Amino acid sequence: MEIKIICHRCKQKFSASTTTEIIICPQCRTVIPNRAPRKQSPPSGGDYGSSIPSLIGNLLKKLCHALKPATAPGLSSFVYPKSCGLDNVGALGNKRAVLCGVSYKKWKYKLKGTINDVFNMRDLLIQYYEYRDENMLILTEEQPDARLIPTKANIESSLKWLVKDCRSGDSLVFYYSGHGLRQPDFEGDEIDGFDETICPVDFLKEGMIVDNDIYATIVQPLTEGVRLHAIVDACHSGTILDLEHYYDNNEQRWKDNKPPSGARKQTSGGKAYCISACEDDQVAADTTAFSSKTMNGALTYILIEVVKADRYVTYGDLLKRIEERIEKANERGCKPLLSASEQFNVYETQFKL
């Protein structure tokens, strides 16, 4: 027999057995006592007091079992490690990732699917591209490590960590799921007159992170032989890395995104790619049109599905399939965008993180 539960912390709705002493929320991992009435069986043999140690031992075993990754459908489960990439200075491999999901859970404009997005992207990187947990920084509001809460300062520090001492052969990933906004450009380096931004959890107090700063932190330092992929599932995210070229999927050709001011937005020899949820003047879609089970960003959800179905998909086919799925769901006004530090044949180049 099952009961319906609403987590008091993240408000996630799910079901659990009435016979389970300890329940773990599949989204935020909060331990919830099961208060459903259960028939109590008297202890067999001896007095009640002598069975207390064994009862406690059994309860602890069940707690340990409950804290193992859950398998709730549609949710990726993850127990935050005691250490992270910040503790592994000098021991980093050639694949590093910063995965940031901001839910703004204390604000009225909170997002419900960003935590799912981060965990699903983590699973993709580990299972399909051989990344390792110890070489990732995962920033969410549920993190027990204060350094990994997605504040402005922490996101900026994590981006610096991502490219620190990068060298030929390194593959780097920056993933962001959260709010994105625009603000007037006062430096004359935006064709449309607006800077694109991402919104840390404390952006109302500390401000947004502007595309100029993201470029300066993780694009400009890329040396020869280093590859960076950014996947940004946010509104107004089209040219969030300020890369000099973007691909027009309708016209099937690359277009110029160089700053009108004459400034150059180049790497130091490496390559940078960005797949954004929508163009600069558009809002991103979520998966309410695809699935009623969980909430996710549409870009993240479809990208992962496509890659899992076709390990050797090209950039062009990936972009085309994402756009087709979004259009089929009638999410009009949302068109994914590919930008890059240099032009390449999108239908002959395999998408590989």
Side-chain angles (χ1 to χ4, degrees), residues 97-102 104 114 139 150-163 166 172-204 206-222 226-248 254-268 270-284 297 299-300 334-343:
V98 170
L99 312 180
C100 181
V102 193
Y104 315 93
T114 55
L139 285 77
T151 63
K152 182 178 182 180
N154 284 348
I155 294 175
E156 290 175 336
S157 295
S158 296
L159 293 180
K160 292 175 183 177
W161 169 90
L162 182 65
V163 298
C166 61
L172 314 175
V173 171
F174 169 49
Y175 173 79
Y176 173 84
S177 178
H179 283 306
L181 293 172
R182 309 170 81 197
Q183 66 182 33
D185 163 41
F186 298 106
E187 298 181 13
D189 61 358
E190 295 285 349
I191 294 174
D192 62 359
F194 289 92
D195 283 318
E196 285 66 52
T197 70
I198 59 174
C199 302
V201 68
D202 59 349
F203 79 98
L204 289 178
E206 300 298 335
M208 299 175 283
I209 300 178
V210 185
D211 52 6
N212 297 331
D213 296 332
I214 297 175
Y215 159 77
T217 304
I218 63 173
V219 176
Q220 195 278 330
L222 298 174
V226 179
R227 291 187 312 153
L228 166 73
H229 282 86
I231 300 171
V232 183
D233 205 338
C235 298
H236 310 295
S237 55
T239 59
I240 191 66
L241 259 62
D242 270 355
L243 301 177
E244 291 194 340
H245 311 276
Y246 71 93
Y247 190 76
D248 188 316
W254 288 96
K255 290 189 174 180
D256 191 3
N257 189 48
K258 295 184 180 72
S261 64
R264 296 305 303 270
K265 294 294 183 76
Q266 299 174 310
T267 69
S268 297
K271 295 180 180 180
Y273 310 87
C274 181
I275 296 180
S276 304
C278 57
E279 297 183 356
D280 288 339
D281 60 348
Q282 298 176 336
V283 295
L299 170 70
T300 307
C334 175
K335 187 176 179 180
L337 191 72
L338 168 67
S339 57
S341 56
E342 58 184 55
Q343 300 181 24

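The residues of the chain are indexed from 1 along the displayed sequence. Here the structure is a predicted model, which is why all the values come from computation and not from measurement.
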Is the closest side-chain heavy-atom distance between L181 and C235 below 4.5 Å?
no

dist R227:CZ -> T267:OG1 (nearest 0.5 Å) comes out at 13.5 Å

Shortest non-hydrogen contact between L139 and V98, atoms and distance
CD1-CG1, 4.2 Å

Would you say S341 and Q266 make side-chain contact, with heavy atoms under 4.5 Å?
no

Do the non-hydrogen side-chain atoms of L222 and L172 ever get within less than 4.5 Å of each other?
yes

Show the nearest heavy-atom pair for residues E196 and E190, with the distance to one decimal.
OE1-OE1, 3.6 Å

Looking at side-chain heavy atoms only, is the closest gap between K265 and L243 below 4.5 Å?
no

Of all heavy-atom pairs linking C100 and P150, the shortest is SG-CB, 3.8 Å

Do V102 and Y176 have side-chain heavy atoms sitting under 4.5 Å apart?
yes

Considering non-hydrogen atoms only, spot the tightest contact between P184 and D195 and give its length.
O-OD2, 4.0 Å

S237 vs C278 side-chain heavy atoms within contact, under 4.5 Å
yes

Other residues, nucleotides and ligands only: do more than 12 of their heavy atoms fall within 6.0 Å of NZ on K152?
yes

What verdict does the side-chain hydrogen bond (donor to acceptor under 3.5 Å, both in side chains) test give for E187 and S261, after you've listed the backbone C-alpha separation in whole Å, the side-chain angles of each residue and the deciding distance to 0.1 Å?
CA-CA 8 Å; E187 298 181 13; S261 64; over 6 Å; no

Nearest non-hydrogen partners of C166 and P221, listed with the distance
SG-O, 4.0 Å

Taking only residues two or more places apart in sequence, or in another chain, which ones meet H236 in a ring pair (Phe, Tyr, Trp, His ring centres under 6.0 Å)?
none

Are the side chains of T217 and E156 in contact, using a 4.5 Å heavy-atom criterion?
no

Heavy atoms, side chains only, cut-off 4.5 Å: are V163 and I218 in contact?
yes

Look up atom CG in L299 and atom OG in S276, then write down how far apart they are to the nearest 0.5 Å.
8.0 Å

Output all residues satisfying side-chain hydrogen bond (donor to acceptor under 3.5 Å, both in side chains) with T300, sequence neighbours left out; order by chain, then residue number.
Y175, D233

Mind listing the closest non-hydrogen atom pair of Y104 and P200 along with its distance?
CE2-O, 3.6 Å

CZ (F174) and CG (L159) are apart, to the nearest 0.5 Å, by 5.0 Å

Taken to the nearest 0.5 Å, the spacing of T239 OG1 from D192 CG works out to 6.5 Å

What's the spacing between L228 CG and L241 CG if we round to 0.5 Å?
6.0 Å

With a sphere of 6.0 Å drawn around NZ of K160, does it hold more than 12 non-hydrogen atoms of other residues, nucleotides or ligands?
no

Distance col, row H245:NE2 vs N257:CG, nearest 0.5 angstrom, shows 9.0 Å

Ring pair (Phe, Tyr, Trp, His ring centres under 6.0 Å) partners of Y247, counting only residues at least two apart
W254

Please name the residue in the list I155, I198, V219 that meets the side chain to side chain contact (heavy atoms under 4.5 Å, CB included) test with I214.
I198

